2 protein chains.
Amino acid sequence: MISTPLQQGSNAERSRHRNRQAVLGQVHLAGAIGRAEIARALALTTQTVSNIIAELSDDGMLIEKGRLSAGRGQPAIQYALKPEGGYALGVEVRPDAVFAALLDLTGRAVTTERVALARTDPDIVLDHVTAVYAHALDQVPRARGRMLGAGIVMPGPFGLTGIAGMGTDLTGWQEVDAAALFSKAIELPVVLSNDANAAAMAERITGAAQEMNSYAYLYFGAGLGLGLIHGGQLVRGAYGNAGEIGHIPVPGPHAKLEDAVSRQSVQRHLLAAELDVHDIDALDQLFEQKNAALMTWLDTACDALGHAVAIVENLFDPQTVVLGGAMPNGILEHFVANTPLPDLSVSNRPHAPHPRLIQGASGRMTATLGAAALILNRALTAPLSHAH
Amino acid sequence: MISTPLQQGSNAERSRHRNRQAVLGQVHLAGAIGRAEIARALALTTQTVSNIIAELSDDGMLIEKGRLSAGRGQPAIQYALKPEGGYALGVEVRPDAVFAALLDLTGRAVTTERVALARTDPDIVLDHVTAVYAHALDQVPRARGRMLGAGIVMPGPFGLTGIAGMGTDLTGWQEVDAAALFSKAIELPVVLSNDANAAAMAERITGAAQEMNSYAYLYFGAGLGLGLIHGGQLVRGAYGNAGEIGHIPVPGPHAKLEDAVSRQSVQRHLLAAELDVHDIDALDQLFEQKNAALMTWLDTACDALGHAVAIVENLFDPQTVVLGGAMPNGILEHFVANTPLPDLSVSNRPHAPHPRLIQGASGRMTATLGAAALILNRALTAPLSHAH
DNA sequence: TGGATTAACTCAATTCAATTGAATTATCAA
DNA sequence: TTGATAATTCAATTGAATTGAGTTAATCCA
């Protein structure tokens with residue numbers, strides 16, 4: 001589970017690979033863009049970008065979008081990502097179900113699926129994931145042969161740690177190389193991640209943080225998770241377990257953060273008021289009804305969330321903090337509007353270019369889509385070089 | 001103050017630059033190493049590495065160290081960094097003084113200096129820094145023309161933030177482009193950073209974390225700071241203010257972390273016991289005497305530090321946490337030995353390859369040396385590419 | 001002791017992917 | 001209509017890597 005990131009030298013082939021990624025990234029960022037502009041952004045010559053664009057068009061990853069006239073000079077031919085140019089599979093393995101989504105190159109979900117899971121042994125899970133993948137390819141035959149890879153979300157933390165066995169992790173997966181197993185089963189490059197990290201990446205590909213390179217993401221899952229993006233890449237930590245913010249002790253009535261802010265927390269709180277709430281829709285209904293028990297929970301949760309924001313801001317100094325996850329949209333909105341933003345923070349600046357707290361994606365599929373986004377990000381982002 | 005990291009494409013020249021960095025990095029890491037081994041580590045051909053080594057030797061950055069026989073085959077000629085091959089200036093600007101150090105390519109300090117500072121206006125500071133630099137070059141004439149750059153540490157946070165004006169930041173610097181001013185004054189590439197981030201990098205270049213790519217560093221300065229290294233690079237945050245861990249509220253008797261763990265904290269505590277302690281040596285003496293007031297402070301401080309470790313471990317999942325800064329060595333040792341390591345942490349793993357908490361550099365010059373290390377790291381580390 | 005084996009190293013030729021420079025095209029502005 | 005501007009293309013060049021065929025210096029083993 002230790003990721004030993006290969007320190008690699010560069011040669012012509014690897015340079016071209018990097019430049020292709022960077023060009024795709026610029027196209028993705030701009031939506032539609034001309035070659036000369038890409039060349040300026042990447043400090044390459046227009047000739048080079050022309051060659052790369054021709055190659056990418058040949059590969060079916062780009063389409064022409066006509067010319068855009070901007071003042072004097074010949075109008076630039078605009079290029080955009082061709083949605084059918086590549087696909088990423090996103091899979092989320094939960095204790096009771098497997099979720100899957102197939103995203104096209106632009107990040108749009110072309111098919112999604114959920115299958116129930118009776119047991120979580122590796123064999124069973126691998127079978128289901130393989131089946132789900134096969135089914136997705138049947139649904140979208142044009143994706144065959146154009147798969148970029150699969151992002152797979154599993155409940156963290158990975159490996160044996162002090163917060164394992166807290167109920168969220170899967171039995172039977174503690175000591176196996178999950179990425180290798182999946183990769184062998186579905187014959188695709190696989191990126192493994194926890195829910196929060198994946199969801200964080202989704203915001204960069206399709207969501208609220210597309211123009212941002214450094215941001216933090218607070219994810220409502222069973223617990224509370226954190227995803228960190230720095231320099232356009234996920235900060236995964238040495239063993240892939242970065243972002244376990246839920247287990248941090250906080251001042252206040254609760255022992256740790258996710259006792260105050262999480263789906264489990266609200267369920268427990270509502271149960272004490274004799275309300276047995278199991279899914280997002282039921283929660284949404286209570287929220288629409290302004291249910292008193294829910295409202296008191298929200299108050300404490302907002303305070304605790306403010307605390308989480310304080311920690312994250314002071315530790316990472318992000319451009320913004322995105323709030324998302326498996327919660328009703330209305331409740332996310334409520335959090336964004338009512339979480340007290342700490343004064344004592346490096347992010348409390350007078351002319352901040354971004355709001356300190358913004359709303360991200362919501363709903364059941366958030367992490368599943370994020371899983372696929374991990375793959376898309378790899379295709380669309382070149383690791384940035386420190387300019388000198 | 002916003003760092004917009006340039007997304008750059010690659011070409012032959014930039015590839016070579018990257019490969020030179022990577023080769024130097026391998027040599028630095030190994031101490032002495034042969035070309036074929038470097039080639040394997042970087043996935044380059046031996047011929048390429050041969051060419052680069054020849055170039056670097058011509059440039060005076062490497063020296064031959066004889067042959068090392070290792071089993072069969074022709075013994076490899078070993079290469080090592082040539083100390084005189086390059087120099088980095090480290091400068092720390094404090095409210096009352098400017099510290100400077102000149103490090104050679106291997107990270108050894110060849111000259112250090114301290115000059116008192118009456119005022120901290122940019123003009124005054126720039127004059128002093130320029131003078132200190134000139135003096136360093138006089139002391140070490142061979143460094144002339146071989147300067148790689150200057151790392152400059154100033155009290156953070158940079159820019160206008162919610163924790164500005166807390167007494168640590170410098171007056172007159174809030175709204176200037178400090179890096180540009182320094183760079184113009186001393187005519188060197190400049191990297192700006194706060195004390196904790198710089199000190200963190202020092203551990204990677206010369207200290208306790210040379211083989212690590214992902215670790216956290218807790219720094220005792222006036223307050224308590226955090227430095228994060230991920231993938232061999234500093235996590236600076238969007239505005240360069242990442243790591244302000246001291247301002248985080250913690251459970252316990254103190255409002256925020258650095259009320260319990262910092263130089264100011266211990267000074268305040270000792271003052272209540274009628275002990276006026278101003279420098280590290282005096283503190284060390286008290287520690288040697290097992291002074292009762294100091295010991296009670298240490299007890300609370302250890303608990304608070306354990307809390308900081310819990311946060312850092314769960315948020316970053318680092319290989320280790322390094323403890324260092326402007327404290328007597330004995331006290332750092334005490335902290336490393338007595339800080340309670342939280343059970344509820346992703347770093348609490350059964351077969352951890354590294355201790356969870358280790359001791360880093362201590363003493364007054366820690367951040368100054370770290371400042372120079374920022375420059376050396378740039379020369380010795382190529383940004384890592386995610387292998388595919 | 002001496003040949004086989006192994007691995008590091010060198011030289012020359014080749015290849016890849018960038019840059020350079022000159023020419024062409026399409027639009028805007030006067 | 002004409003000149004300026006900027007995007008684009010084509011052909012030649014360059015820089016830095018790889019490839020492939022030797023050469024050298026050590027260990028292993030008969």
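Bear in mind the structure is a predicted one, so any value in this text is a computation, not a measurement. Every chain is numbered from 1, with letters handed out A, B, ... down the list of sequences.
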Where does the chain B footprint on DNA chain D start and end, counting 5' to 3' with a 4.0 Å heavy-atom cut-off? dA16(D) to dC28(D)
Which of these, Val190(B), Val191(B), Leu192(B), sits in a side-chain contact (heavy atoms from CB on, under 4.5 Å) with Ser183(B)?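 Checked Val190(B), Val191(B), Leu192(B) against Ser183(B); only one passes side-chain contact (heavy atoms from CB on, under 4.5 Å): Val190(B).
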Taking only residues two or more places apart in sequence, or in another chain, which ones meet Phe182(B) in a ring pair (Phe, Tyr, Trp, His ring centres under 6.0 Å)?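 Here the qualifying residues are Trp173(B).
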Residues passing the ring pair (Phe, Tyr, Trp, His ring centres under 6.0 Å) test with Tyr217(A), sequence neighbours excluded, are none
Mind checking what makes salt bridge (Lys or Arg N to Asp or Glu O under 4.0 Å) contact with Asp59(A), not counting sequence neighbours? Arg20(A)
Residues that Arg108(B) engages under salt bridge (Lys or Arg N to Asp or Glu O under 4.0 Å), provided they are two or more places apart: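 Salt bridge (Lys or Arg N to Asp or Glu O under 4.0 Å) check on Arg108(B) returns Asp104(B).
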Does Glu13(B), at its CD atom, have more than 12 non-hydrogen atoms belonging to other residues, nucleotides or ligands within less than 6.0 Å?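 It does not: Glu13(B) CD has 12 such atoms or fewer within range.
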Let's see if you get this right: which residues in residues 47-66 of chain A place a heavy atom under 4.0 Å from DNA chain D? Gln47(A), Ser50(A)
Along DNA chain D (nearest heavy atom to each residue), the more 5'-positioned of Glu37(A) and Ala12(B): Glu37(A)
Walking DNA chain D from its 5' end, the first of Arg16(B) and Thr46(A) to be reached, judged by nearest nucleotide, is Thr46(A)
Identify the residue among Arg204(B), Gln233(B), Gln319(B) that makes a side-chain hydrogen bond (donor to acceptor under 3.5 Å, both in side chains) with Asn213(B).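 Passing option: Arg204(B).
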Ser69(A) or Leu44(A): which one's nearest nucleotide on DNA chain C is closer to the 5' end? Leu44(A)
Residues at least two apart in sequence or cross-chain that pass side-chain contact (heavy atoms from CB on, under 4.5 Å) with Gln47(A), listed by chain then number, are Thr45(A), Ser50(A), Asn51(A)
Once side-chain contact (heavy atoms from CB on, under 4.5 Å) is applied, do any residues pair with Ala22(A), and if so which ones, sequence neighbours excluded? Leu42(A), Ala382(A)
For residues 71-88 of chain B, run the donor-acceptor check on the side chains, cut-off 3.5 Å, and write out each pair with its distance to 0.1 Å, sequence neighbours left out.
from: Gln74(B); atom 1: OE1; to: Arg67(B); atom 2: NH2; distance (Å): 2.4
from: Gln78(B); atom 1: NE2; to: Ala32(B); atom 2: O; distance (Å): 3.3
from: Tyr87(B); atom 1: OH; to: Arg142(B); atom 2: NE; distance (Å): 2.9

Scan for salt bridge (Lys or Arg N to Asp or Glu O under 4.0 Å) pairs involving residues 177-189 of chain A, sequence neighbours excluded, and state none if there are none. none
Below 4.5 Å, heavy atoms only, C-beta onward: do Ile229(B) and Met212(B) meet side chain to side chain?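 Sidechains of Met212(B) and Ile229(B): no contact.
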Is there a side-chain contact between Pro383(A) and Pro383(B) (heavy atoms, below 4.5 Å)? no
Collect all protein-nucleotide pairs involving nucleotides 23-26 of chain C in which both atoms are nitrogen or oxygen and the distance is under 3.5 Å.
from: dT25(C); atom 1: O2; to: Gln74(A); atom 2: NE2; distance (Å): 2.2
from: dA26(C); atom 1: N3; to: Gln74(A); atom 2: N; distance (Å): 3.3

Give Arg20(B) one of three labels, base, sugar-phosphate or nothing, depending on what nucleic acid heavy atoms sit under 4.0 Å from its own.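 The answer is nothing, as Arg20(B) stays clear of every strand by at least 4.0 Å.
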Report for the helix from dT1(C)-dA30(D) to dA30(C)-dT1(D): angle between first-end and last-end helix axes, five pairs each, rounded to 10 degrees.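 Between the axes fitted at each end of the helix from dT1(C)-dA30(D) to dA30(C)-dT1(D) lies an angle of 10°.
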